[in-house]
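Notes follow the structure.
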Amino acid sequence: EWIGLSLGINFASLVDVPRGENSTAEEIEYILNHARPRIIIVENRWFYDVVEKSGYAESGLSAAGPLLVTIEDIDGVSDIAAMRELGRKENRPLPAVPPDTTASIVYTSGTTADPKGVELTHGNFAGNLRALVTRIPFSPEDRLLSILPAWHTFERIAKYLALAMGAETFHTSWRTLKEDLKTRKPTIMASVPRIWEMIHWTLVKQTQKLGIEIGEPVYAKLKADLGGRFRFAISGGGALPDHVEDFYTAAGVEVVEGYGLTETTPVVAARVPGTPAPYTVGPLLNNVEGKIIDPDTREELPPGEEGVLFVKGPNIMKGYYRCLAETRQVLSEDGWLDTGDLAYFAADGNLSITGRIKEIIVLLNGENINPLPLEEALKKSDHIAEAVVVGQDWKHLGVLILSEPEAGPAVPDVFKREIHRLVNGRGDVKHFERIKGFRLLTDPFQPGRELTPTMKLKRTVIEKIYEEVIEDLSPDHVAAHRH
């Protein structure tokens with residue numbers, strides 16, 4: 001339903017402002033008041049009530065207020081079925097749509113600040129699609145299994161690619177994924193790294209229970225579990241851990257890892273299927289330019305040196321809706337976008353993403369630490385589901401840990417050993433990168449709360465929710481309670 005509504009809106013030269021089922025009432029109210037839509041389409045009674053309670057439906061932008069339409073049948077409210085009937089009676093031609101016409105305003109998930117409305121044009125989507133058609137080969141024989149939120153730009157461009165190349169698309173969910181893989185027999189699936197981690201983790205636990213080594217029988221089971229026709233996976237929306245990639249490579253299951261942002265509609269780089277490029281996101285798309293800039297000197301850096309990635313191309317957003325100052329901070333007049341991501345180019349042109357500059361932790365001694373490699377290292381443990389490294393303006397680092405529920409009781413000594421094994425005891429970890437304390441969390445992280453729709457950590461939200469826990473972990477608090 002969603003993709004049909006979105007395409008219909010865009011064909012009519014209107015602008016869609018999508019949001020998903022995991023959105024909080026606060027996020028929806030914020031977006032309503034910022035985007036100021038004339039028509040609001042809601043799926044069900046819960047969303048309808050959220051809109052009604054927000055007050056926006058009464059205020060609106062005119063005496064009549066916005067038109068509220070539902071997908072599910074709600075007494076006394078206009079629904080999509082009635083709107084379709086009205087549309088069938090209309091014979092007006094569709095308006096011409098210039099490439100620079102806004103197609104969608106997609107509000108970012110707000111990992112470090114309030115959501116911003118990313119204004120994407122028809123030309124942005126078309127430019128990205130043209131490049132992807134040559135980079136990632138779909139065909140009419142392919143079956144794409146869809147699991148990500150339909151409105152997310154990664155999922156959206158994957159659906160557009162399938163439509164453009166005549167491939168079938170089937171929809172699944174976290175609950176039905178295992179069964180749908182076997183029955184739908186997809187050839188391609190696009191998803192976030194967390195799904196590939198879960199499949200890997202499940203197989204590893206099964207082999208441990210059976211007391212067998214990971215090898216050809218396990219790899220054969222993996223391919224059977226994927227439906228038996230699987231050509232390749234597309235992974236984006238975050239970094240695929242190296243050990244997980246190693247597992248799929250050994251199993252002969254190709255993972256095409258890519259990189260992008262909502263602001264880049266979304267794909268910037270992707271591996272070339274059939275061409276190994278381990279631990280990278282592959283080369284830039286053929287219509288995208290990129291450069292690495294030193295964050296201190298603002299000079300361009302040569303291959304192999306890490307800095308901030310800047311990109312330019314037809315897929316770069318128009319700007320942040322009604323946020324001119326924020327747009328100017330990241331988008332230059334000549335079209336270069338500051339991604340905010342730390343990265344470097346290898347000599348062969350493949351791009352590696354190493355972290356977010358805004359997520360860098362600065363200790364009291366001035367040392368800058370990228371928390372992502374430490375968190376990914378800790379998540380290799382069978383006992384750790386999530387790890388959040390903290391320590392801004394502290395003497396040393398700490399970490400919040402969410403235990404893996406199927407690994408058994410959360411015993412503190414186990415986590416001390418795992419932190420030493422995976423971080424503190426490693427020779428390549430600098431002394432100031434060592435983790436000196438941890439706290440165990442009990443409630444699983446949820447999309448829409450601690451996690452974005454693509455399962456990335458919303459650090460500012462986590463810091464607010466667990467403010468007292470983090471304060472208890474801080475060196476000053478620990479020192480005070482020792483005396």
Side-chain angles (χ1 to χ4, degrees), residues 136 142-145 147 172 174-236 238-258 270-282 350 352 373 375-387 403-408 414-415 417-423 425-428 455:
I136 301 178
D142 278 315
R143 286 185 166 195
L144 173 69
L145 193 62
I147 190 170
T172 187
W174 290 81
R175 182 175 54 84
T176 63
L177 175 60
K178 184 177 180 180
E179 183 62 26
D180 288 338
L181 282 167
K182 290 181 178 179
T183 59
R184 297 296 188 179
K185 301 185 182 301
T187 59
I188 301 169
M189 187 168 84
S191 76
V192 293
R194 182 61 176 161
I195 288 177
W196 306 114
E197 288 182 68
M198 286 176 60
I199 294 172
H200 164 255
W201 190 87
T202 300
L203 281 171
V204 169
K205 295 305 291 182
Q206 288 174 353
T207 59
Q208 289 175 348
K209 286 181 180 178
L210 295 171
I212 61 174
E213 295 290 327
I214 292 178
E216 286 305 322
V218 175
Y219 300 149
K221 183 181 185 321
L222 169 64
K223 291 174 182 177
D225 288 347
L226 292 174
R229 298 183 62 229
F230 209 75
R231 290 209 299 131
F232 56 81
I234 304 172
S235 181
L240 188 70
D242 292 354
H243 71 288
V244 176
E245 178 172 348
D246 291 340
F247 169 78
Y248 287 105
T249 300
V253 175
E254 183 173 15
V255 178
V256 177
E257 191 168 5
R271 296 183 194 172
V272 179
T275 304
Y279 318 133
T280 78
V281 294
N350 286 317
S352 291
E375 291 165 351
E376 290 301 329
L378 290 171
K379 285 164 62 179
K380 291 179 182 178
S381 169
D382 291 342
H383 299 273
I384 298 175
E386 292 286 355
S403 66
E404 186 60 65
E406 294 186 28
V414 170
F415 296 101
R417 288 196 297 269
E418 291 295 81
I419 290 171
H420 179 79
R421 179 175 71 87
L422 296 167
V423 176
R426 284 167 36 197
D428 61 335
M455 310 302 284

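Because the structure is predicted, anything quoted here is derived from the model rather than measured.
- The two residues Trp196 and Ile234 have their closest heavy-atom pair at NE1-O, 4.1 Å.
- Between atom OH of residue Tyr248 and atom CD1 of residue Ile199 there is a gap of 4.5 Å, rounded to the nearest 0.5 Å.
- In this structure His420 satisfies the side-chain contact (heavy atoms from CB on, under 4.5 Å) test together with Asn424, sequence neighbours excluded.
- The salt bridge (charged side-chain N to carboxylate O under 4.0 Å, His left out) test applied to Glu254 returns no partner, not counting sequence neighbours.
- With sequence neighbours excluded, the residues that form a side-chain contact (heavy atoms from CB on, under 4.5 Å) with Thr176 are Thr172, Ser173, Asp180.
- In terms of the side-chain contact (heavy atoms from CB on, under 4.5 Å) criterion, residue partners of Lys185 (sequence neighbours excluded) are, by chain and number, Arg229.
- Judged by distance alone, the side chain of Ser403 and the main-chain N or O of Pro405 form no donor-acceptor pair under 3.5 Å.
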- Stepwise side chain to side chain contact (heavy atoms under 4.5 Å, CB included) test for Lys221 and Thr207: CA-CA 11 Å; Lys221 183 181 185 321; Thr207 59; over 6 Å; no
- Message: Tyr279 vs Asp246, test: side chain to side chain donor-acceptor pair (under 3.5 Å). Steps then yes/no.
- Response: CA-CA 9 Å; Tyr279 318 133; Asp246 291 340; 2.5 Å; yes
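- Applying the salt bridge (charged side-chain N to carboxylate O under 4.0 Å, His left out) criterion to Lys223, with sequence neighbours excluded, gives no partner residue.
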Residues 379-387, side-chain donor-acceptor partners within the protein, below 3.5 Å, at least two apart:
{"from": "Ser381", "atom 1": "OG", "to": "His383", "atom 2": "N", "distance (Å)": "3.0"}
{"from": "Ser381", "atom 1": "OG", "to": "Glu418", "atom 2": "OE2", "distance (Å)": "2.6"}
{"from": "Asp382", "atom 1": "OD2", "to": "Gln208", "atom 2": "NE2", "distance (Å)": "3.1"}

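- Residue Lys178 qualifies as open at atom NZ: its count of foreign heavy atoms under 6.0 Å is 12 or below.
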